[in-house]
Amino acid sequence: MPQQLTNIVEDLRWRGALSDATPGAEDLLINDKITCYNGFDPTSDSLHIGNLLPLMCLARLQRYGHTPIAILGGGTGMIGDPSGRNDERSLLSIEDIDANGEKIRVQLEQFLDFDAKSNPAQLINNADWLRNINYLDFLRDIGKNFTVNTMIRRDSVRSRMDREGEGISYTEFSYALLQAYDYLVLYEQENCNFQSGGTDQWGNILDGIDLIRRKHGNATNGNSLAHGIVFPLITDSKGDKLGKSIGGAPALDPNKFSPYRLYQFFFNTDDADVIRYIKLFTWLGPEEVEPLEEAVRENPGRREAQQTLAEQITEIVHGQSGLDQARRVTRAFFRGEFDTLSASELDDVFAGASSIEIEKCDIDNRAISYEELAVATNLAQSFSDARRTVQQGGMYLNSERVEDAARPIAPEDLLHGNLIILRRGRREHRLIRVA
RNA sequence: GCAGGGAUUGGGGAGCGGUCAAACCCAGCAGACUGUAAAUCUGCCGCCUUGUGCUUCGUAGGUUCGAAUCCUACUCCCUGCACCA
């Protein structure tokens, strides 16, 4: 009998999404309507799957009637958060920050409901207030509330202080004040009394709460006026950060990381991690997840849970059309269903899988070798790599194992008269269109 | 500032005049086994025109028939000490 989730706290707990919360926070989440903000850094021009957890949690809060605020760090991004880093950041130009911010704004908008009647989401850029700060005023009003003694005790600061050569710049050292100030501003202007974030944000969040306490005192019951909740750092069963194995977290921007690739990324999740990820990253509840848990146990080979995870996330991030596309490409590559696809569906596959074009006459003249194509499509890093892999039996042309890396591509190799599929190993595919 | 130590192929880390494209470990890739999994086993893991081939061992020079290995200068890092406070 699946358990029932009757409130947001039970929900988050069941998902393993709640790592810590300030005293009294849970009571408010259950019995009150709160406003919670979460910051997103414009350090890159796309959100990535590491942002999925905070994003989903804001969305979950909204579904339980709370009001979410997504903060775009257009101001804080100019300084750089030292949390969780062991080296000084290089500063981004304002133009880059703003350009990144615009792209991220668009991505954020799809996760939250901005038209809800009682609790519409908000998207705010902290550049609005941070960029106009007067230094002297800030030192007098805000800086006075912080002691350096406490600040240097933070792990993120201390680890950098201990390093002789690098150290931490005054700029990054000051970061904590800015984020605390954000919280104060949001508390005063938006009635925002919750902040969420990863565990690495715990210190920053507490700083903000403390600042609000100094300015506004405590609630009548003695608890803080402001609260914080933090999410665990998501690692796989080997202890690696999610996405680390492929060298960096997959981007949510379909142009940087196609829906197909996102689908595949999650489809390949280990049995040991898949249920945990479903709970963290999808809307599915106990009644859907428990059967999947059973499926992993009883019949892991069918990969029902992995498929569900991949489908759910792809749809959440890229919508129904993105999911359809990912599915079509998957079917085409892994079941070789090219014959059954119509011309327009084929176009869709081309769109969903990165492809390149080559000239028909080069095929007719047998002017292009397999290894050249493999390198050109980035399937192999170098000719040596291509040959090596061929030698090891890891390269395929249209599902035929390639014996000779130097073999030319000939007209009879074309599928549908204009299509070539390269494959490396079991799941790395490249599509080549012949024009 | 003084005195020592160090910078090696993605990471860690051997090598200290030829036998070094450079041990070993991790990561990565391919194959086998499977389930587009994990574990395990095998192979690979600088580049190319596959060769007594080419370019690599912080940067620039030098010594030598020959240097990652020796010398000089420079850059950066680490450890002591001093200076400052």
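In what follows, chains carry the letters A, B, and so on, assigned in the order in which the sequence lines appear, proteins first and then strands, with residues in each chain numbered from 1.
- Ring centroids of A:Phe194 and A:His66 are separated by 6.0 Å or more, keeping the two rings apart.
- A distance of 11.5 Å separates CG in A:Asp404 from OH in A:Tyr370, rounded to the nearest 0.5 Å.
- Remark: C1' of B:U36 and CG of A:Asn268 are 5 Å apart, rounded to the nearest angstrom.
- A:Gln179 and A:Tyr175 form a side-chain donor-acceptor contact under 3.5 Å, judged by distance and modelled atom types alone.
- Listed nucleotides B:A38, B:A37, B:C45 differ in distance to A:Arg427; the shortest reach to its side chain belongs to B:A37.
- Within the 4.0 angstrom heavy-atom criterion, no nucleotide atom of any strand lies near A:Ser237.
- Shown here is A:Gln320, whose CD atom has more than 12 heavy atoms of other residues, nucleotides or ligands within 6.0 Å.
- Using a 3.5 Å distance cut-off with no hydrogens or angles, the side chains of A:Tyr64 and A:Asp11 do pair a donor with an acceptor.
- For the contact set between residues 296-311 of chain A and RNA chain B, defined by any heavy atom under 4.0 Å, the members are A:Pro300, A:Gly301, A:Arg303, A:Gln306.
- Atom CD of A:Glu311 sits in a crowded spot, with more than 12 heavy atoms from other residues, nucleotides or ligands closer than 6.0 Å.
- In the set B:A30, B:C47, B:A38, B:A38 carries the atom at the smallest distance from any side-chain atom of A:Asp270.
- Near RNA chain B, meaning a heavy atom under 4.0 Å from it, residues 376-385 of chain A has A:Ser382, A:Phe383, A:Ser384 in order of number.
- The closest side-chain donor-acceptor pair between A:Tyr183 and A:Gln195, if any, does not fall under 3.5 angstrom.
- Rounded to whole Å, the distance from CD on A:Glu372 to C1' on B:C48 is 13 Å.
- Side-chain polar atoms of A:Thr330 and A:Gln264 form a donor-acceptor pair below 3.5 angstrom.
- In this model, no donor atom of one side chain and acceptor atom of the other lie less than 3.5 Å apart for A:Asn100 and A:Asp45.
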All N/O contacts under 3.5 Å from nucleotides 51-56 of chain B to the protein, with atom names and distances to one decimal?
none

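- The base-pairing partner of B:A3, taking Watson-Crick or G-U wobble contacts with both distances under 3.5 Å, is B:U79.
- Using the Watson-Crick or G-U wobble rule with both distances under 3.5 Å, B:A67 pairs with nothing in any strand shown.
- Taking only side-chain nitrogens and oxygens, A:Tyr396 comes nearer than 4.0 Å to OP1 or OP2 of B:G31.
- Listed candidates were B:C45, B:A32, B:G35. Nearest to the side chain of A:Arg401 is B:A32.
- To the nearest 0.5 angstrom, A:Met56 atom CE is 4.0 Å from A:Ile316 atom CD1.
- Going from the P atom of B:U79 to that of B:C65 covers 42 Å, rounded to whole Å.
- When the shell of 6.0 Å around CZ of A:Arg131 is examined, it contains more than 12 heavy atoms from other residues, nucleotides or ligands.
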